[in-house]
Amino acid sequence: MTQPGPEAIPKHIKDTNVNERTVGGSTKRENKLGRGQRDKVQQFMSITGASEKVAIQALKSSDWQFEGAFDIFYSHPHIKSVADTRHLEELYNRYKGKSFDSIFNYYCECKILRAVTFSDPYADMILADGITILCNDLQVDPRYCHGKLYLKLHTEHCLVVSWHMKAATMCEFSKQEFIGGLQSLGVDSLEKFRERISFMRSELKDEHKFREIYNFAFGWAKEKGQKSLALDTAIGMWQLLFAEKQWPLVDHWCQFLQARHNKAISRDTWSQLLEFARMVDPALSNYDPEGAWPYLIDEFVDYLTENGVMQKGKLSDWSYKQ
């Protein structure tokens, strides 16, 4: 594969690979920094695997804020550290194929296993049991809800990780999805994975990434073979997503659906609700009844009017939770 030329790498984070003369175990460049800055450089290097020069330049460009520095570093794949494929294989093998073992043991315990040859189509997948082990390894508490695996108080991490892995289905990672996703994150160990969790959550605060993750969530959360998203799952996802990006009407929307709709959610409704939340202020003062909104959103507006649910505020109320 052809490597990007020097012109492809932003000047402020270009790594010239020049060896620095060390003094007492530190480079001359590092000695010019304050103690707190040196600590941040070392921490950034340990998390990302970046060289000292790249770490310093990324931190300087973000005014020594980790979140901004990570964003700069990971937005330019050609300067990321190369994840160790061997370590990724080891991680993948630790978590794959766990659910089938549970099914097999169940049949054995029930004494209904005969001379049957099992062919497990999921043997090379990381499934719910494997994800539970991964969550425990990452020191994140897992829980089950409506037959799906969620991360207690940290569900957004599972969603963003799955987005990075381009996972097709909730609670399932193929080998390609798992290894490819970790490579894109520059992760090849559990330690690096843990250190990246806070950054992944912060991605929900980015306008462009939030839209991508929101649109990804529909296909990720729906059942295989279904065109629509089950209502209880859709409500759970909306409550999760709008917990990060506030929308004052989200609870009223969920109550309306349970009271008046009680059906699965189409992709069009899912997509258009985000536009409605972004464009229409909570008091509905700029709502256009002649607009091309899905009928369900028009009914929601009628529901709010009938129940006297009006919110004070303008479009500026649509803001990120700090």
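You'll find the side chain of Lys96 stays beyond 4.5 Å of the side chain of Phe178, heavy atoms only. Put simply, the side chain of Thr85 reaches to within 4.5 Å of the side chain of Gln183, judged on heavy atoms. Between Trp253 and Tyr303 the shortest side-chain heavy-atom distance does not fall below 4.5 Å. In this structure the side chain of Val280 never reaches within 4.5 angstrom of the side chain of Ile297, judged on heavy atoms. A 4.5 Å side-chain heavy-atom check between Leu274 and Leu241 finds every atom pair outside the cut-off. With a 4.5 Å cut-off on side-chain heavy atoms, Leu134 and Ile126 do not count as touching. Within the 4.5 Å cutoff, the side chain of Glu172 has heavy atoms near those of the Lys224 side chain. Counting heavy atoms from C-beta outward, Asp298 and Pro289 have side chains that stay 4.5 Å or more apart.
Interatomic distance, Lys222 NZ to Met170 CE, rounded to the nearest 0.5 Å: 11.5 Å. Here the CZ atom belonging to Arg260 is positioned 11.0 Å from the CG atom belonging to Leu296, to the nearest 0.5 angstrom. A distance of 4.5 Å separates CD1 in Ile197 from CG in Leu138, rounded to the nearest 0.5 Å. Atom CG of Leu88 and atom OG of Ser189 lie 9.0 Å apart (nearest 0.5 Å). Of the inter-residue distances, the one linking Glu67 atom CD with Glu203 atom CD reads 9.5 Å to the nearest 0.5 angstrom. Taking OH of Tyr295 as the start and CG of Asp302 as the end, the distance is 13.0 Å to the nearest 0.5 Å.
Using a 3.5 Å distance cut-off with no hydrogens or angles, the side chains of Glu299 and His261 do not pair a donor with an acceptor.
A tilted orientation is assigned to the rings of Phe300 and Phe256, their planes being inclined by 30° to 60°. The aromatic rings of Phe44 and Phe66 lie parallel to each other, their planes meeting at an angle below 30°, with 60° marking the opposite boundary. Between Trp270 and Phe218, the two ring planes are tilted [angle within 30° to 60°]. Using bins of under 30°, 30° to 60° and over 60° for the plane-to-plane angle, the ring pair Phe70/Phe199 lands in the perpendicular bin. A perpendicular orientation is assigned to the rings of Phe276 and Trp247, their planes being inclined by more than 60° (bins at 30° and 60°).
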side-chain contact (heavy atoms from CB on, under 4.5 Å) between Leu185 and Lys192, intermediate numbers included: CA-CA 9 Å; Leu185 287 165; Lys192 288 183 180 179; over 6 Å; no
Verdict with reasoning, Arg86 to Glu90, per salt bridge (charged side-chain N to carboxylate O under 4.0 Å, His left out): CA-CA 6 Å; Arg86 179 174 56 85; Glu90 290 173 358; 3.5 Å; yes
Audit row: Asp188, Leu182, side-chain contact (heavy atoms from CB on, under 4.5 Å) steps and yes/no: CA-CA 7 Å; Asp188 58 11; Leu182 293 188; over 6 Å; no
side-chain contact (heavy atoms from CB on, under 4.5 Å) between Leu273 and Trp238, worked out: CA-CA 10 Å; Leu273 183 72; Trp238 275 317; 3.3 Å; yes
Stepwise side-chain contact (heavy atoms from CB on, under 4.5 Å) check, Asp137 with Arg94: CA-CA 11 Å; Asp137 287 346; Arg94 171 171 172 75; 2.7 Å; yes
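A donor-acceptor pair under 3.5 Å is formed between the side chain of Asn286 and the backbone N or O of Asp281. Between the side chain of Glu177 and the backbone N or O of Ala168, at least one donor-acceptor pair lies under 3.5 Å. Under the 3.5 Å distance criterion, the side-chain polar atoms of Asn93 are matched with a main-chain donor or acceptor of Glu89. With Lys40 contributing its side chain and Trp64 its backbone, the two residues share a donor-acceptor pair below 3.5 Å. For Gln65 (side chain) and Ser62 (main-chain N/O), no donor-acceptor pair under 3.5 Å exists by modelled atom type. Under a 3.5 Å cut-off, the side chain of Tyr92 and the backbone N or O of Asp124 do form a donor-acceptor pair.
Across Ala58 and Ile72, no two heavy atoms sit closer than the pair O-CD1, 3.9 Å. Across Leu249 and Pro282, no two heavy atoms sit closer than the pair CD1-O, 3.9 Å. Summarising the geometry of Ala55 relative to Met45, their closest heavy-atom pair is CB-CG, 3.7 Å, with the distance given to 0.1 Å. Across every non-hydrogen atom of Leu229 and Ala221, the tightest pair is CD1-C, 3.5 Å.
Under a 4.0 Å N-O distance rule, the pair Asp71/Lys209 qualifies as a salt bridge. Looking at Glu275 and Arg278, a side-chain N of the basic residue comes within less than 4.0 Å of a carboxylate O on the acidic one, giving a salt bridge.
Listed by chain and number, the residues in a side-chain contact (heavy atoms from CB on, under 4.5 Å) with Lys166 amount to none (sequence neighbours excluded).
A 6.0 Å sphere centred on CD of Gln176 holds no more than 12 heavy atoms belonging to other residues, nucleotides or ligands.
Counting only residues at least two apart or on different chains, no salt bridge (Lys or Arg N to Asp or Glu O under 4.0 Å) pair has a member in residues 262-272.
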